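These notes are about the structure you will find just below.
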Amino acid sequence: MDPTSADSTSSRLSTGDWLICLFCQLGGILIGASRCALGQWKSGLSMIGLSLGMALVWNLTYLFMQILPDMLRKLV
């Protein structure tokens, strides 16, 4: 298969796709769902998975930052 064909490039995420998934998870999920509807399953599912993963990371980071001061106050 030719590496410059549309099928091989449609499965890769561009830099913009990565930034959307990292910082705007809802947008990444919506774009991923629309790509799945258009038949670009690999890139669509990649965007959905990355967006959900980053939402989990951001929420766990927020939770940790909320709990950490209370834990430190109890130790001191």
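Heads up: numbering here begins at 1 and tracks the sequence. Every value quoted in this text rests on a predicted model; they were computed, and no experiment measured them.
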Give a yes or no on whether Leu52 and Leu22 share a hydrophobic cluster (residues Ile, Leu, Val, Met, Phe, Trp, Tyr; joining criterion: side-chain heavy atoms under 4.5 Å apart). no
Rounded to the nearest 0.5 angstrom, the CD-CD1 distance for Gln40 and Ile31 is 12.0 Å
Is it possible for you to say whether Met47 and Leu30 belong to one hydrophobic cluster, with membership spreading through side-chain heavy-atom contacts below 4.5 Å? no
Residue pair Trp58 / Phe23, side-chain heavy-atom distance below 4.5 Å: yes
All heavy atoms of Ser43 vs all of Leu13, minimum pair found to be O-CD2, 3.7 Å
Is Leu63 close to Asn59 at the side-chain level, that is, under 4.5 Å between some pair of heavy atoms? no
Rounded to the nearest 0.5 Å, how far does CG of Leu60 lie from CE of Met65? 13.0 Å
Do any N or O atoms from the side chain of Ser51 and from the backbone of Ile48 form a donor-acceptor pair under 3.5 angstrom? no
For the residue pair Leu50 and Cys21, what are the closest heavy atoms and their distance? CD2-CB, 3.5 Å
Within residues 46-55 or reaching into it, pairs that qualify as salt bridge (Lys or Arg N to Asp or Glu O under 4.0 Å) - sequence neighbours excluded: none
When rounded to the nearest 0.5 Å, the distance separating CD1 of Ile20 from CG of Leu26 is 11.5 Å
From NZ (Lys42) to CZ (Arg12), nearest 0.5 Å: 9.5 Å
Check the hydrophobic clustering (I, L, V, M, F, W, Y; side-chain heavy atoms under 4.5 Å; chains of links allowed) and say if Trp18 and Met54 are grouped together. yes
So, using side-chain hydrogen bond (donor to acceptor under 3.5 Å, both in side chains) as the criterion, who are the partners of Ser14 when residues are at least two apart? Asp17
Leu45 versus Cys36, closest heavy-atom pair with distance: N-SG, 3.8 Å
